[in-house]
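Everything below concerns the one structure shown next.
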Number of protein chains: 2
Amino acid sequence: MRVAQVRDVAALAGVSPATVSNALNHPAKVSPTTLARIQAAIDELGYIRNDAARQLRAGTNRAIGMVVLDIANPFFTDVARGVEDVLLGERRPLIMGNSAQEPHRETNYLDLFEQQRMDGVLITPVADVLDRLRRLRDRGTSVVLVDRMTRAKEFSSVTIDDTMGGRIATEHLLEIGRRRIAFIGGPVNLSQIKDRLASARAAVEAHGSGELSFLETETMNADAGRAGAEQLLALPTTKRPDAIFAANDLVALGVLQALTLRGVRVPDDVAIVGYDDIDFASSAAIPLSSVRQPARTMGSTAATLLLGVIADPAASEVEHVTLKPELIVRRSTSG
Amino acid sequence: MRVAQVRDVAALAGVSPATVSNALNHPAKVSPTTLARIQAAIDELGYIRNDAARQLRAGTNRAIGMVVLDIANPFFTDVARGVEDVLLGERRPLIMGNSAQEPHRETNYLDLFEQQRMDGVLITPVADVLDRLRRLRDRGTSVVLVDRMTRAKEFSSVTIDDTMGGRIATEHLLEIGRRRIAFIGGPVNLSQIKDRLASARAAVEAHGSGELSFLETETMNADAGRAGAEQLLALPTTKRPDAIFAANDLVALGVLQALTLRGVRVPDDVAIVGYDDIDFASSAAIPLSSVRQPARTMGSTAATLLLGVIADPAASEVEHVTLKPELIVRRSTSG
DNA sequence: CGGCGAGGTTAACACGATTTAACGAAACGG
DNA sequence: CCGTTTCGTTAAATCGTGTTAACCTCGCCG
């Protein structure tokens, strides 16, 4: 069955194709009566415009591409929700791709977005894709970075203040009387980890008493948390930490599980603070204190920033928004 | 800056545009030496083909669209991973949309996929979109249903055997000596829930002794689990269940949390079985027994099925694949 | 030496919607 | 009554690639 086209609609409505196009894209230019006739014809034929043709002629694709770092991590799906919130209002489709932290997947999606001549792209980069992003921009696709910043600062970005996050978590542990704090997470070449760790160290130092140890992991999932906890439990009792600061909630949940299974009381023996405040943090057997990252807000902010750049790529300044995290205290640090 | 086109590449390589097109799409038709010259020109200019033009001319969009029911549910992100696994190998981009169980979002994505003339669509429908799907198919877009089946059976589908899932979970609870089993989940008009509940009832009946109560919830998240558990705890001790079968792991985690906080011992006082075996099930403080759904396999199967239909829409029969779930026993049912 | 076939290349058109410039008709004022 | 403006409509050109049928150039064989 042949699919209805503009000229079919035009024929049925008794006007020319150009008028149909005007009706769809510039309704003000068409008289109300013909507008109604055209709409009726569209409904009758079930006409749906061919977006490829529209795109080719218009030279622009209204869709926004997003490369998510890890779709299995609730933090990033929350970010995506925030982006959707904004784009839906603008009637712009969101094309989401999952790089799963693999550079070749990331490249794949960038290729796709480049071929599609997208209006804009949001990305949390895995590999070094700066040159790719520059090329995208040169071709007319606006780019905003999410949860990452480049040194050169040539692209707008939205990040969350990790220095503050590390500080408030550590200060909280110190305030409830803990002195031997262990930080679990990694790898340390992630700027997020670096910042959280550094500010945790600074907080301990500023406090005067207490000490901070660091247990680096390769990944940040529950397995890493379990392994890290086991390692700490192997220490002689006097050396054992009385508080653990996990680099994210997945790690914290792993830690919590390992401690529980070994009969260590949380928070009495060991307090735990996580990071991200994913849904599961509050659903844990012992609800987890966590540094809440405004993930959804980050998504909506990034989308808004991107729309601004798209609206006027030349004029708009490069802008870096830093959002503030917030400590959510729950049972795991307040026996 | 003007973007390089086929004719620019052709000019630089000293051939005609048609030859460049042949080099890209039918390399066998072009001599190796000119092929090399063209490739060099492409690299030098950084040429990237305009997919809108390709699509318009070819009348087909290689991308596959997927409408995910709830991107915040790890079960569905696992399904998506399975789909990706297959499509990546075929060099077909996956365009993922999240309906978040809202009909208007679902419609939005279907509109998009229809305008884009996608080759294929995978969907876990929320609302009644059968007529939309039929129209898609009539326009040449193949459709495969994921985790759902229509009564009319006009579309291929992949589902998981919920009857079996309900049975094995219940039999397991009976085997470890539990007799008062409560099923928590809903809404009951979901065929999944209906099947799991019915087969749980059947299993209890077949066993001869024991009873099954049903606590319906409106949604299936941790909050619903917490609320349900509170309700059960309010019962007089003799009426309290000694086992809970939760309709999914999110509910089960909520139940586990509520019980733990109230000092109920799991599994000694109450055993818990969940459903889905999401990552967090094994990471819970008390690792959760759960009916594992082969989510990733479901995704890859659906994708494979879809590719088959796309390859030959006329010849291929409508096919329904039912995958078998598997019971994973952990601490929550094996003190 | 002429005809033939194969492989490689080319020119021209097609895809479906949008835009531009031109056009006709109605409305208006002098 | 005629010239001008306004509004709605139209024919034709355009976007960048893929395909088709024709074409050219060799090399080969009779």
Side-chain angles (χ1 to χ4, degrees), chain A residues 1-39 41-42 45-63 111-112 114-119 139-140, chain B residues 1-39 41-42 45-63 111-112 114-119 139-140:
Chain A
M1 185 185 106
R2 216 177 59 78
V3 179
Q5 308 181 358
V6 166
R7 59 166 157 273
D8 302 318
V9 175
L12 183 60
V15 296
S16 80
T19 303
V20 175
S21 171
N22 274 332
L24 290 174
N25 304 303
H26 310 282
K29 291 187 174 180
V30 177
S31 73
T33 72
T34 51
L35 210 55
R37 250 195 359 266
I38 290 172
Q39 187 55 50
I42 288 178
L45 295 176
Y47 166 76
I48 300 235
R49 84 148 146 251
N50 183 326
D51 206 48
R54 204 218 100 250
Q55 250 178 71
L56 175 59
R57 173 65 231 213
T60 161
N61 183 346
R62 285 183 53 78
D111 287 348
L112 176 65
E114 210 163 348
Q115 288 181 15
Q116 304 263 33
R117 309 288 196 265
M118 299 267 187
D119 272 357
R139 286 171 182 284
Chain B
M1 185 186 109
R2 216 177 58 82
V3 179
Q5 308 181 359
V6 167
R7 60 166 158 273
D8 302 317
V9 175
L12 184 59
V15 295
S16 81
T19 303
V20 176
S21 172
N22 274 331
L24 291 174
N25 303 306
H26 310 282
K29 292 188 174 180
V30 177
S31 71
T33 70
T34 51
L35 211 55
R37 250 196 357 266
I38 290 171
Q39 188 54 51
I42 288 178
L45 295 176
Y47 166 76
I48 301 235
R49 85 148 144 249
N50 183 327
D51 207 48
R54 204 217 101 252
Q55 250 178 69
L56 176 59
R57 171 67 229 209
T60 162
N61 183 345
R62 285 184 54 77
D111 287 348
L112 176 65
E114 211 164 346
Q115 289 181 14
Q116 303 263 33
R117 308 289 195 266
M118 299 267 186
D119 272 355
R139 285 170 183 284

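Order of the sequence lines sets the chain letters (A, B, ...), proteins ahead of strands, with each chain counted from 1.
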### Task
Determine the contact category for A/S21: base if any of its heavy atoms lies under 4.0 Å from a base atom, sugar-phosphate if only primed atoms, P, OP1 or OP2 are that close, otherwise nothing.
base
### Query
Hey, does A/Y47 have a side-chain heavy atom less than 4.5 Å from the side chain of A/L24?
yes
### Task
Using whole Å, report how far CG of B/L56 lies from P of D/dT19.
12 Å
### Task
Scan B/A58 against the nucleic acid and name what it touches under 4.0 Å (heavy atoms): base, sugar-phosphate only, or nothing.
nothing
### Query
Across the strands shown, which category fits A/V20 at heavy-atom distances under 4.0 angstrom: base, sugar-phosphate, nothing?
nothing
### Message
I want to verify a distance call: between C/dT19, D/dT9, C/dT9, whose nearest atom is closest to the B/T34 side chain?
### Response
C/dT9
## Note on the structure
Whole-Å distance, A/L35 CG to D/dG8 C1', equals 12 Å
### Message
Please find the pair of heavy atoms, one from B/R117 and one from A/R49, that lie closest to each other, and give the distance.
### Response
NH1-O, 3.4 Å
### Task
Using atom CZ of B/R57 as one end and atom C1' of C/dA12 as the other, report the distance to the nearest whole Å.
11 Å
### Message
Students often get this wrong, so: under 4.0 angstrom with heavy atoms, is B/N25 touching a base, only sugar-phosphate, or nothing?
### Response
sugar-phosphate
### Query
Out of B/N50, B/I48, B/V3, which residue meets the side chain to side chain contact (heavy atoms under 4.5 Å, CB included) rule with A/E114?
B/I48
### Message
Under 3.5 Å, is there any donor-acceptor pair linking the side chain of A/R49 to the base of C/dA17?
### Response
no
## Note on the structure
When B/K29 and B/R117 are each assigned the nearest nucleotide of DNA chain C, the 5'-most assignment goes to B/K29
### Query
When all nucleic acid strands are considered with a 4.0 Å heavy-atom cut-off, which category describes B/V15: base, sugar-phosphate, or nothing?
sugar-phosphate
### Phosphate contact (D/dT19 OP1 or OP2) by B/H26 side-chain N/O below 4.0 Å
yes
### Task
Respond yes when some side-chain nitrogen or oxygen of B/Y47 is under 4.0 Å from OP1 or OP2 of D/dG16, and no when none is.
no
### Query
Taking atom C1' of C/dA17 as reference, at what distance in whole Å does atom CG of A/D8 sit?
13 Å
### Query
Rounded to the nearest Å, what distance is computed from the CD atom of residue A/Q5 to the P atom of nucleotide C/dT18?
12 Å
### Query
Whole-Å distance between C/dA14 C1' and B/Q55 CD?
16 Å
### Heavy-atom pair of closest approach, residues A/R37 and A/A13
NE-O, 2.9 Å
### Message
Among C/dA14, C/dT10, D/dA13, which nucleotide has an atom closest to any side-chain atom of B/S16?
### Response
C/dT10
### Query
Just by modelled atom types, is the A/K29 backbone N or O under 3.5 Å from a matching donor or acceptor in the A/N22 side chain?
no
### Whole-Å distance separating the CZ atom of A/R37 from the C1' atom of D/dT9
11 Å
### Query
Within a strict 4.5 Å, meaning less than it, do heavy atoms of the B/R54 and B/R62 side chains meet?
yes
### Message
Distance check needed: C/dA22 C1' versus A/N22 CG, whole Å only.
### Response
14 Å
### Message
Using OP1 and OP2 only, check whether a side-chain N or O of A/T19 sits under 4.0 Å from D/dT10.
### Response
yes
Please list, for nucleotides 25-27 of chain D, all pairs of protein and nucleotide N/O atoms separated by less than 3.5 Å.
none

### Task
Take A/Q55 and B/Q115 through the test side-chain contact (heavy atoms from CB on, under 4.5 Å) and record every step on the way to the result.
CA-CA 11 Å; A/Q55 250 178 71; B/Q115 289 181 14; over 6 Å; no
### Query
Are the side chains of B/S16 and B/T19 in touch, meaning some heavy atoms are under 4.5 Å apart?
yes
### Phosphate-side-chain proximity, A/S31 and D/dT9, N/O vs OP1/OP2 below 4.0 Å
yes
